[in-house]
Amino acid sequence: MIREIVVYPDKRLRKVSRDVESFDTDLHKLLDDMYETMIAKKGIGLAAIQVGIEKNVLIINLSDEEGNQHKEDLLEVVNPKITHLEGSEIYQEGCLSVPGYYDDVKRAQNISVEYFDRFGTLVKDELEGLLAIAMQHEMDHLKGHLFIEKLSYLKRKKFEKEWKKKLKAGK
Ligand code: Y12
Ligand code: CO
């Protein structure tokens with residue numbers, strides 16, 4: 001089932017999500033719906049709060065060099081924790097909750113993460129490149145943060161002005 005994406009400035013995007021306690025069919029349905037929604041909206045990452053569910057759940061499915069996404073590369077991430085951050089890099093980010101806006105964001109280059117898969121099995125991984133960026137972007141959603149909060153004061157002001165104009169125009 002394709003779920004509705006919560007769009008900025010909806011207050012739900014500021015909620016701090018809670019850990020999943022049961023790795024049950026409800027969780028599996030949420031993950032399946034999130035995947036269907038992300039693919040339908042042409043995204044490469046999605047956090048549960050972006051479909052209005054306050055749970056520490058996110059998915060990432062990067063595209064290959066030809067721009068194709070393969071389900072076997074899908075990461076289903078439950079209750080993630082970053083245990084190590086290293087280096088820094090700048091990447092132009094976008095978000096399905098801020099559709100049509102992209103800007104440069106500085107994040108750690110390499111991260112170590114621990115999380116659970118849909119069955120409750122602990123996964124420990126070291127991520128680099130776009131995967132590390134996507135994980136940090138999605139984990140920010142779980143804490144109620146958006147990438148636009150990382151913009152400079154002036155860029156944020158410009159964004160807010162443009163966004164208000166866009167919402168007023170009903171776009
Ligand atoms: C690097 C940086 C950020 C992420 C987080 C995941 N972000 C997305 O999946 C963004 C998707 C997105 C898709 C859009 O739609 C199309 O391109 C057709 C879009 O544009 C509009 O909605 C108009 C904006 C964002 C991962 C890795
Ligand atoms: Co996002």
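Both counts, for ligands and for their atoms, begin at 1 and track the order of listing. Remember, predicted model here, so these are calculated numbers, not experimental data. Only this structure's heavy atoms are used, side chains among them; waters, hydrogens and symmetry mates stay out.
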- Message: I'd like the name of whichever of His141, Glu93, Met38 reaches closest to atom 2 (C) of ligand 1 through any heavy atom.
- Response: Glu93

- Task: Run through the protein N/O/S atoms less than 2.8 Å from the Co ion (ligand 2) and write them out by chain and number.
- Result: Cys95 SG, His137 NE2, His141 NE2

- Looking at Gly45, Ala134, Gly94, the heavy atom closest to atom 7 (N) of ligand 1 belongs to Gly94

- Query: So, the side chain of Glu36 versus the backbone of Met1: is there a donor-acceptor pair under 3.5 Å, distance only?
  - Reply: yes

- Query: Can a salt bridge be assigned to the pair Lys166 and Glu162 using a cut-off of 4.0 Å between side-chain N and carboxylate O?
  - Reply: no

- Message: Can you tell me if Glu65 has over 12 outside heavy atoms packed within less than 6.0 Å of its CD?
- Response: no

- Task: Give a yes or no answer on whether the side chain of Gln136 reaches the backbone of Ala108 with a donor-acceptor pair at less than 3.5 Å.
- Result: yes

- SB check Asp24 Lys29 (cutoff 4.0 Å): no

- Query: Do Arg12 and Glu54 touch side chain to side chain, with heavy atoms closer than 4.5 Å?
  - Reply: no

- Does the separation of the ring centres of His141 and Phe147 fall below 6.0 angstrom? no

- Message: Under 4.0 Å, heavy-atom basis, I'd like to know which part of Tyr102 is in contact with ligand 1: side chain, backbone, both or neither.
- Response: side chain

- Message: Using every non-hydrogen atom in the two residues, find where Leu96 and Leu46 come nearest and quote the distance to one decimal.
- Response: CD1-CD1, 4.1 Å

- Item | Other residues, nucleotides, ligands: >12 heavy atoms within 6.0 Å of Arg14 CZ | no

- Which residue owns the protein heavy atom closest to atom 16 (C) of ligand 1, what's the atom, and how far is it? Lys42 CB, 4.1 Å

- Message: If the cut-off is 4.0 Å to any non-hydrogen atom of Cys95, which atoms of ligand 1 fall inside it?
- Response: 10 (C), 25 (C)

- For ligand 1, is any non-hydrogen atom under 4.0 Å from Glu138's backbone (N, CA, C, O), its side chain (CB onward), both, or neither? side chain

- Query: Which protein heavy atom lies closest to atom 22 (O) of ligand 1, and at what distance to 0.1 Å?
  - Reply: Pro99 CB, 3.2 Å

- What residue and heavy atom of the protein are closest to atom 9 (O) of ligand 1, and at what distance? Ile44 N, 2.7 Å

- Got a donor-acceptor contact below 3.5 angstrom from the Ser112 side chain to the Thr83 backbone? no

- Note on the structure: Within 4.0 Å of some non-hydrogen atom of Gly43, the atoms of ligand 1 are 9 (O), 11 (C)

- Message: Taking Arg107 first and then Asp140, would you say they form a salt bridge - that is, a charged N and a carboxylate O separated by under 4.0 Å?
- Response: yes

- Message: Counting non-hydrogen protein atoms only, what is the nearest one to atom 21 (C) of ligand 1? Give residue, atom name and distance.
- Response: Gly100 N, 3.5 Å

- Message: Which option wins on minimum heavy-atom distance to atom 13 (C) of ligand 1: Ile133, Leu96, Asn61?
- Response: Leu96

- Which of the ligand 1 atoms, numbered from 1, are nearer than 4.0 Å to a heavy atom of Leu130: 1 (C), 27 (C)

- Hey, are Glu160 and Lys164 close enough for a salt bridge, meaning a charged N less than 4.0 Å from a carboxylate O? no

- Compute the minimum heavy-atom distance from Lys41 to ligand 1 and say whether it is under 4.0 Å. yes

